[in-house]
Visitor: 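First the structure, which I've put down as structure tokens, then a few questions once you've had a look.
Letters A, B, ... mirror the listed sequences (proteins, then strands); counts begin at 1. Because the structure is predicted, anything quoted here is derived from the model rather than measured.
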Amino acid sequence: MEYNFREVEKKWQQYWKENKTFRTENKSSKPKYYVLDMFPYPSGAGLHVGHPLGYIASDIFARYKRLKGFNVLHPMGYDSFGLPAEQYAIQTGQHPEITTKTNIARYREQLDKIGFSFDWDREVRTSNPDYYKWTQWIFIQLFNSWYNPETDKAENISTLIPKLNGFKSLSEKEQSDLLLDYRLAFLSDTMVNWCPQLGTVLANEEVKDGVSERGGYPVERKLMKQWSLRITAYADRLLKDLDGIDWTESIKEAQRNWIGKSEGTSFKFQISDFKFQIEVFTTRPDTIFGVSFVTLAPEHELVEKLTTSENKKVVEEYVTAAKNRSERERQADVKKITGVFTGSYVEHPFTGKQIPIWIGDYVLAGYGTGAVMAVPAHDTRDFAFATHFGLEKPIVILPSVDWDFAENSYDEKLGKLVNSDFLNGLEVKEAIKKAISVIEEKDLGKGKTNFRLRDAIFGRQRYWGEPIPVYYENGIPKVLNENELPLLLPEVDKYLPTETGEPPLARAKDFKKDNKWEYEYSTMPGWAGSSWYFLRYMDAHNEKEFASKEAIDYWQNVDLYIGGAEHATGHLLYVRFWTKFLNDLGLIPVIEPAKKLINQGMIQGVSSYVYRIGNSNKYVSLGLRKEYDTTPLHVDVNIVTNNVLDIEAFKNWREDNANAEFILEDGKYICGSEAEKMSKSKWNVVSPDLMVEQHGADCLRIYEMFLGPLELSKPWNTNGITGVSNFIRKLWRLYHTCSNNQQLTTNNFFVSNEPATKPELKVLHKTIKKIISDIEGFSFNTSVSNFMICVNELTELKCNKREILEPLAIIIAPYAPHLAEELWLQLGHNESITYATFPELKEEYLIESAFNYPVSFNGKTRFFHEYDLFLTKEQLEKEVMTLEQTQKYLEGKTPKKIIIVHNKIVNIVI
RNA sequence: GCCCAGUUGGCGGAAUUGGUAGACGCGCUGGUCUCAAACACCAGUGAGAAAUCGUGCCGGUUCGACUCCGGCACUGGGUACCA
């Protein structure tokens, strides 16, 4: 009887569901372990084989931890607010909620087929009111908090008020405005990325190369009143705490760059003939004597005041032009140097020299002070600007290498200072210290730290998101009380912005608090709900709190988090930010959401091509196509096996193909192939459903792991799956009589209770050892190899001993849970294998008494010889020298040296 | 430009601390079974006739380098006038 995966897998999936096998309690005598996947956005396209890669890995790990005696939390849910459902609603009028529900049902069906061990009783959906009630609640906590630099944490806004002089005497409106400058959720005029086509604001990370990440529409800069979150208050902690978590170095590095800490000096220049000063920020105060001009951003507040009348016209034109340039144009024209002279000068604080003030759009208004001291000889951008406008480039650092200052600036922080008064002769690092101390002494400026990180814009002019729980009382923004939550998403007639450009929520009838005060019409961004969902899983149905204190104290934070690296500077930064904030408020005991993070690679599709000759209906095989004039066409990868086209299937694929003719090579039609992104239009999408149908869930799970290291991106290739199929059948056969065996019965289960032999035990324990180190090192591909080796060796030994096969079923259960359950049942167990005990490794079975030494000459292996492991080096050396082969390779010479590494190698140096 | 990761057979990929390069699987070749095919099973499979040569390229350290060091090239990802 061959293994019938369809029947067996269906049966166990049903069993798990009925028995709630994976239900997890918030109390246990076992240690806890929290394994989390990044939850999916339920799109209409369904899952393709790339999606489950990370889920399979985390599921294996979760199941392994259960076998190892842990109380494992392994939940799943849906990030169900988002743009595609809304775009679909705009086009069809279909309510996003309906689309979302349908998609979720489809996702669930697909996920269930793969046999994941999720505790579905804890499912969350970010678009459900009982979930977003608490997203809104956290927003209110952010609104009610400020960041106290003295305690270095968030505190209730009430602790700020005593520190504000004359606060009580201000009007209510003035008080509100003043507090908004401190609140962690605040309303302000902000330069935003505005996308006219989408009718909404986008976050920096939603804009790629000047166009929207979704849809690819142009994005402009625009000043708007917007809700933002003061993530910059946490910049230093977000940076520092990266050191304490076990995340991949590339994600940490991406976050470090995104936060962009830079330490320098802020420094004031006196404007000649005026009372004003210009403050600049520099990381290179050592180059102060190399300053030849000062550049302001076009948006700088002093531009108007210090432009002289004769320069007024050109400056105004320049500023207007710069403002109107879209984000896209600015980025496309990075190399194009533009700027204009204001006509005014500042005084050099040490030399008293007159230094011209320029305006240039290479200086960003939003970073530092929006003004820079330009040192053309030692800064690439200043160099380009000075070259373009013919400005001076005084050299103040002498490089130790030859340098052509006419060609390039010298930006390195290495060399000796020259032409720099009190800094002369110092090394750059010394000079920086000295310059700061002199600047501080003379009260011209002080040491300062800047961050590249911007506050996170939190409002989106969209329908399908969490309503921001704010209303405006006489124009003053106020948050709802907790008992007024959730603020439900209102019904609207259309999902588009209004004709006056207001967000879709403005269309809702009677969307007013107490029928009087207008609510905020923006909704929250996609990342709001995902910034705290890991906490909700701990206590998913709590109606009184976002999660109970007991649940949070028990589960703490995520032990293993698996998901895509594309969230490096989005979700993964925001979830850290919210975690730190909730910790400041004493609501959770942890400062980081996840101890360990692994990024699974992307799975690309492999497209197949057929080659049509001209416009005929004739197709030529890959190898012969050069002899003809051909057009490559995508062909459905599901009718191609090992690059060989199924000609019948091809004829039935499309009507036009029915009469197709073929030029074959060796009787086959060979297709071309190329790795590309998986997409419908390229006919290269492989759905997990199809794989499960053809090969079984266990086979898909093992094959996805076998493909290569989890973190690696790789093209999907179904070719190798037969190897895994064969392996599963071989494994099954260990427990059953083969078809050619005499003892064939209806149930041909055939496991013996005789004691196992030493070689059998050695195979088992060798495998246990490797599997443990592979799983714990997240090397799932090699563990599959090791299972294959184990099954091959046991087959060779004709082993059917319970003593071996019972532990084997357990160690393979995380990978092939359906098969393992069936075997476990046949072995006579009535309980699920899920909570069996992982077999103990017994090293005594692995002890070797001899080793087959490679004997090498000058590092090159020539032959092998087996020796007892208890031989001493001296004995071994003697033995080796007596060998005939040794003498042969010595060619009569005397060895200079013989190196013997115990249990490894013998190397004879001639 | 800067930062990160990578480069090993026809293919996916293995190789504790430097110690037998190519595990495991696919594919391919030959064979057994069969009227035949499929399945299955057995044998072989880095290159080369061989000596030898082989882990992107050049150099170094070492008895010994895929592994360590210096330089370079290429591929993928992130980021970008951040002073």
Visitor: For a quick test of reading the model: is some side-chain N or O of A/Y367 closer than 4.0 Å to OP1 or OP2 of B/A83?
Guide: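 Yes, within the criterion.
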Visitor: Quick check, are the ring centers of A/F727 and A/W732 under 6.0 angstrom apart?
Guide: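 Ring centroids of A/F727 and A/W732 are no less than 6.0 Å from each other.
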Visitor: Report, one line per pair, each donor and acceptor closer than 3.5 Å where one atom sits in a side chain of residues 785-793 of chain A; sequence neighbours left out.
Guide:
residue, atom, partner, partner atom, Å
A/N786, ND2, A/D774, OD2, 2.9
A/N786, ND2, A/T782, O, 3.1
A/N792, OD1, A/K730, NZ, 2.9
A/N792, ND2, A/M788, O, 3.4
A/E793, OE1, A/K766, NZ, 3.0
A/E793, OE2, A/K766, NZ, 3.3

Visitor: If we take the C1' atom in both B/G77 and B/C66, what is their distance in whole Å?
Guide: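 Roughly 23 Å separates the two C1' atoms.
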Visitor: Please convert RNA chain B into dot-bracket. A pair counts if it is Watson-Crick or G-U wobble with both distances under 3.5 Å; crossing pairs go in [ ] and bases paired with another strand get |.
Guide: (((((((..(((......[....)))((((((.......))))))((....))..(((((..]....))))))))))))....
Visitor: Syn or anti for B/G9, with syn set at within 90° of 0?
Guide: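 Chi for B/G9 falls in the syn range.
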Visitor: Report, as a single string ordered 5' to 3', how protein heavy atoms within less than 4.0 Å touch nucleotides 14-25 of chain B: B base, S sugar-phosphate only, - not at all.
Guide: SS-B-BBS-BBS
Visitor: Restricting to nitrogen or oxygen on both sides, can you table the protein-nucleotides 43-50 of chain B pairs closer than 3.5 Å?
Guide:
none

Visitor: Could I get the full list of ring-ring contact (aromatic ring centres under 6.0 Å, His included) partners for A/F857, not counting sequence neighbours?
Guide: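 Residues passing ring-ring contact (aromatic ring centres under 6.0 Å, His included) with A/F857: A/Y889.
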Visitor: Think A/K897 has a side-chain N or O under 4.0 angstrom from the OP1 or OP2 of B/C63?
Guide: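 It does, given that an N or O in the side chain of A/K897 lies less than 4.0 Å from OP1 or OP2 of B/C63.
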Visitor: I'd like to know if A/K448 and A/E263 make a salt bridge, using a cut-off of under 4.0 Å between side-chain N and carboxylate O.
Guide: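 Salt bridge between A/K448 and A/E263, a charged N being under 4.0 Å from a carboxylate O: no.
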Visitor: Suppose you measure atom C1' in B/G27 against the same atom in B/C11; what distance do you get, rounded to whole Å?
Guide: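 Going atom to atom, C1' in each nucleotide, I get 7 Å.
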Visitor: Residues two or more places apart in sequence or in another chain: which of them pass side chain to side chain donor-acceptor pair (under 3.5 Å) with A/Y410?
Guide: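 Not a single residue meets the side chain to side chain donor-acceptor pair (under 3.5 Å) criterion with A/Y410.
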Visitor: Only counting residues at least two apart or in another chain, list the ones meeting side chain to side chain donor-acceptor pair (under 3.5 Å) with A/S713.
Guide: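 Applying side chain to side chain donor-acceptor pair (under 3.5 Å) to A/S713 gives none.
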Visitor: Rounded to whole angstroms, how far apart are CD on A/E279 and C1' on B/A83?
Guide: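 To the nearest whole Å, that distance equals 14 Å.
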Visitor: What pairs with A/E776 under side chain to side chain donor-acceptor pair (under 3.5 Å), at least two apart in sequence or on another chain?
Guide: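 A/E776 satisfies side chain to side chain donor-acceptor pair (under 3.5 Å) with A/Y64 once adjacent residues are dropped.
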Visitor: Under the rule for ring-ring contact (aromatic ring centres under 6.0 Å, His included), what residues qualify as partners of A/F451, not counting sequence neighbours?
Guide: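 A/F451: no ring-ring contact (aromatic ring centres under 6.0 Å, His included) contacts found.
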Visitor: Taking the six-membered ring for Trp, are the ring centroids of A/Y867 and A/H865 within less than 6.0 Å of each other?
Guide: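 A/Y867 vs A/H865: aromatic centres under 6.0 Å.
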Visitor: Heavy atoms under 4.0 Å, any strand shown: does A/V372 hit a base, just sugar-phosphate, or nothing?
Guide: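 The answer is base, as A/V372 lies within the cut-off (heavy atoms under 4.0 Å) of a base atom.
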Visitor: Considering only atom P, compute the distance from B/A14 to B/A83 and round it to an integer number of Å.
Guide: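 My reading of the P atoms in B/A14 and B/A83 gives 39 Å.
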Visitor: Looking only at atom P, what distance separates B/C69 and B/U75, rounded to whole Å?
Guide: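 Here B/C69 and B/U75 have their P atoms 24 Å from each other.
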Visitor: Only counting residues at least two apart or in another chain, list the ones meeting ring-ring contact (aromatic ring centres under 6.0 Å, His included) with A/H300.
Guide: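 For A/H300 there are no ring-ring contact (aromatic ring centres under 6.0 Å, His included) partners, ignoring immediate neighbours.
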Visitor: Just the rounded figure in Å: distance from P of B/G77 to CG of A/N599.
Guide: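 It works out to 15 Å between those atoms.
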Visitor: Going by ring-ring contact (aromatic ring centres under 6.0 Å, His included), name the residues that satisfy it together with A/F389, two or more places apart in sequence or in a different chain.
Guide: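 With sequence neighbours excluded, A/F389 shows a ring-ring contact (aromatic ring centres under 6.0 Å, His included) to A/W358, A/F385, given in chain and number order.
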Visitor: Sorted by first residue and then second, give each salt bridge (Lys or Arg N to Asp or Glu O under 4.0 Å) pair with at least one member in residues 900-910 of chain A; sequence neighbours left out.
Guide: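 For residues 900-910 of chain A: none.
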Visitor: Can you measure A/K413 atom NZ to B/A83 atom P for me and round it to whole angstrom units?
Guide: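 Interatomic distance, NZ of A/K413 to P of B/A83: 9 Å.
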Visitor: Could you state the CH2-C1' distance from A/W716 to B/C11, rounded to the nearest angstrom?
Guide: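 From A/W716 CH2 to B/C11 C1': 15 Å.
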Visitor: Please measure how far the C1' atom in B/C74 lies from the corresponding atom in B/C58, and state the result in whole Å.
Guide: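 After rounding to an integer number of Å, I get 15 Å for this pair.
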